[in-house]
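Remember, predicted model here, so these are calculated numbers, not experimental data. Both backbone and side-chain heavy atoms feed into the values below; hydrogens, waters and symmetry mates do not.
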Amino acid sequence: LVAGLPDERFQGKLGIYLTGDRSTPELTLPNAPNCGAKALCVFGGLDLHGKERSPPWTGLAQTATSGANTITVEGSVDWQPDEEIVISSISFMPGETETRTITGVSTDDSGNSVLTLDRSLQYKHIAITETAGDTTFTMAAKVGLLTRNIKIQGREYDVSRRKRRDSEEEESFGARVMVGTLNEQGKQYKGYAWLEDVEFYNTGQLGWDEFYDPRYSLSFLDVGDVTEARPSSLDSCTFHHGFSPAIGVYGTNNLNISNSITSHSVGPAAIVEGSDNRLTGNLFTNILNPDTYQDRDLTSLNWRGAVEITAAPGLEMKDNVVAGSERIGYLISGEPCTEESKWENNEVHSALHGVHVYEKSQPE
């Protein structure tokens with residue numbers, strides 16, 4: 001499936017709608033990962049290259065007060081009216097993340113962009129600069145553009161045709177994309193997904209969290225090394241209003257995940273296993289704890305991270321921001337210190353704990 005090329009981006013509008021619910025029969029394959037239902041399973045190539053947006057996300061240039069219907073963000077943006085944005089929490093409450101639709105865009109005297117919103121803000125979102133000794137730092141809410149011209153979406157249920165009247169959100173059963181390997185008649189078909197400026201909305205299926213059957217918004221499952229012939233990559237994509245972890249990487253090496261946004265995932269925004277992968281310049285906000293989602297188990301002591309790293313030697317992790325997680329920002333299973341660290345300038349706020357590092361895995 002191809003829409004656009006890296007040097008010739010798709011300029012129209014493309015919607016990929018996947019249908020089904022928890023009663024939909026599953027597609028099972030004998031020599032491949034379980035495809036399940038409401039899924040796009042890739043054992044060939046998926047090339048989706050949407051219209052380039054700049055920047056994917058930025059920060060507030062000045063504090064936005066509760067009740068305001070305009071915000072000022074840093075620098076120039078190409079964002080347009082009728083497009084959706086997310087404004088991250090900057091308090092102790094991840095749920096103070098807000099989504100709004102742009103109704104107008106202008107530029108102030110400092111060259112920053114002023115966005116007029118369809119509704120007033122419910123919460124205060126700060127942008128302040130402080131100095132401690134010789135160090136000056138800025139604390140500011142992050143603002144990201146969620147809208148893309150290529151959109152993968154779970155189709156809402158037609159409740160008039162169902163015996164049960166649960167909605168897609170109540171069942172937490174959205175669309176999913178799985179990239180994997182299929183063995184058939186002595187041949188191996190190894191999938192890849194090269195995605196640029198693609199939007200995932202109402203995706204992921206709550207309840208399937210095993211490494212061999214991760215029904216996340218997007219998963220790469222045992223595809224081995226990313227090569228020029230199989231160029232899997234993820235850049236400037238958005239995942240919002242999902243029902244599961246957003247991105248799962250298992251048995252996959254040399255994969256790039258950059259400049260992307262996750263807002264409202266149930267479970268981690270990114271789970272990464274494999275060698276020499278790159279996680280750079282991403283924004284993760286309003287990451288929900290799955291055990292307590294929809295009041296499932298309010299006594300649960302199972303803490304999940306917005307970003308979870310396990311068995312990932314050679315990982316490059318730079319310039320990422322966790323701006324709102326109900327439990328942990330970064331949950332890391334430690335690696336031997338045998339090489340120079342490739343982790344730097346990662347930020348976390350609006351989480352109960354910033355970083356957990358374990359020798360092997362999360363303790364019981």
Side-chain angles (χ1 to χ4, degrees), residues 1-6 9-21 24 27 33-53 56 83-86 99 144-157 167-169 171-180 191-206 208 214-221 223 231-249 255-271 282-284:
L1 177 60
V2 177
L5 300 169
R9 298 292 191 92
F10 179 77
Q11 299 297 311
K13 285 191 175 182
L14 173 63
I16 300 174
Y17 296 91
L18 301 176
T19 63
D21 57 37
T24 301
L27 173 62
N34 186 14
C35 194
K38 209 173 185 177
L40 175 61
C41 297
V42 182
F43 303 110
L46 180 63
D47 282 89
L48 301 178
H49 305 274
K51 182 179 179 180
E52 187 172 3
R53 307 309 304 267
E83 295 184 328
E84 190 174 16
I85 60 171
V86 59
T99 57
L145 179 68
L146 298 176
T147 301
R148 297 294 189 270
N149 67 320
I150 298 178
K151 186 174 186 179
I152 299 173
Q153 178 175 344
R155 177 79 75 177
E156 177 58 278
Y157 300 168
S167 68
E168 180 185 52
E169 182 174 358
E171 285 198 344
S172 299
F173 194 81
R176 62 184 286 252
V177 176
M178 188 272 289
V179 184
Y192 75 89
W194 189 351
L195 308 179
E196 297 179 293
D197 288 281
V198 177
E199 177 182 356
F200 289 72
Y201 174 72
N202 279 6
T203 51
Q205 299 170 3
L206 185 66
W208 287 273
R215 302 192 188 186
Y216 306 157
S217 297
L218 173 65
S219 59
F220 294 86
L221 186 57
V223 297
S232 287
S233 181
L234 189 69
D235 183 68
S236 190
C237 294
T238 68
F239 301 79
H240 62 108
H241 300 90
F243 308 123
S244 73
I247 305 166
V249 181
L255 176 69
N256 176 73
I257 302 172
S258 59
N259 305 313
S260 295
I261 301 168
T262 299
S263 177
H264 190 290
S265 66
V266 181
I271 302 172
N282 301 288
L283 172 63
F284 309 117

Kindly give the heavy-atom pair with the smallest separation between [X] and [Y], and that separation in Å.
| X | Y | value |
| --- | --- | --- |
| Val266 | Gly242 | CG2-O, 3.7 Å |
| Phe284 | Ala269 | CD2-CB, 3.3 Å |
| Ser236 | Ser260 | N-OG, 3.4 Å |
| Val2 | Gly4 | CG1-O, 3.6 Å |
| Pro56 | Ile261 | O-CD1, 3.3 Å |
| Ala39 | Cys35 | CB-O, 3.4 Å |

Residues that [X] engages under side-chain contact (heavy atoms from CB on, under 4.5 Å), provided they are two or more places apart:
| X | value |
| --- | --- |
| Thr99 | Glu84, Val86, Leu146, His241 |
| Ala193 | Leu46, Val179, Leu195, Phe220 |
| Gln153 | Tyr17, Lys151, Tyr201 |
| Pro214 | Tyr216, Ser219, Leu221, Tyr250 |

Side chains of [X] and [Y] in contact at under 4.5 Å (non-hydrogen atoms):
| X | Y | answer |
| --- | --- | --- |
| Lys38 | Thr24 | no |
| Leu218 | Ile152 | no |
| Phe239 | Pro245 | no |
| Lys51 | Gln11 | yes |
| Val198 | Arg148 | no |

Who are the salt bridge (Lys or Arg N to Asp or Glu O under 4.0 Å) partners of Glu52, not counting sequence neighbours?
none

Return the set of residues passing salt bridge (Lys or Arg N to Asp or Glu O under 4.0 Å) with Arg215 (not counting sequence neighbours), or none when no residue passes.
Glu26, Asp213

Got a donor-acceptor contact below 3.5 angstrom from the [X] side chain to the [Y] backbone?
| X | Y | answer |
| --- | --- | --- |
| Asn202 | Glu156 | no |
| Asn149 | Lys13 | no |
| Arg176 | Gly204 | no |

Please determine whether side chain to side chain contact (heavy atoms under 4.5 Å, CB included) holds for the pair Val42 and Val177, giving the CA-CA distance in whole Å, both sets of side-chain angles, and the decisive distance to 0.1 Å.
CA-CA 7 Å; Val42 182; Val177 176; 4.3 Å; yes

Distance from [X] atom [atom1] to [Y] atom [atom2], nearest 0.5 Å?
| X | Y | atom1 | atom2 | result |
| --- | --- | --- | --- | --- |
| Asp197 | Asp235 | CG | CG | 7.0 Å |
| Asn256 | Leu234 | CG | CG | 8.0 Å |
| Trp208 | Asn34 | CH2 | CG | 9.5 Å |
| Ile247 | Leu255 | CD1 | CG | 9.0 Å |
| Leu283 | Ser263 | CG | OG | 8.0 Å |
| Phe243 | Leu206 | CZ | CG | 9.5 Å |

Using a strict threshold of under 4.0 Å (side-chain N to carboxylate O), is an ion pair present between Glu199 and Arg53?
no

Is the Trp194 ring parallel, tilted or perpendicular to the His49 ring (thresholds 30°, 60°)?
perpendicular

Might you work through the side chain to side chain contact (heavy atoms under 4.5 Å, CB included) test for Cys41 and Met178, ending with a clear yes or no?
CA-CA 5 Å; Cys41 297; Met178 188 272 289; 4.0 Å; yes

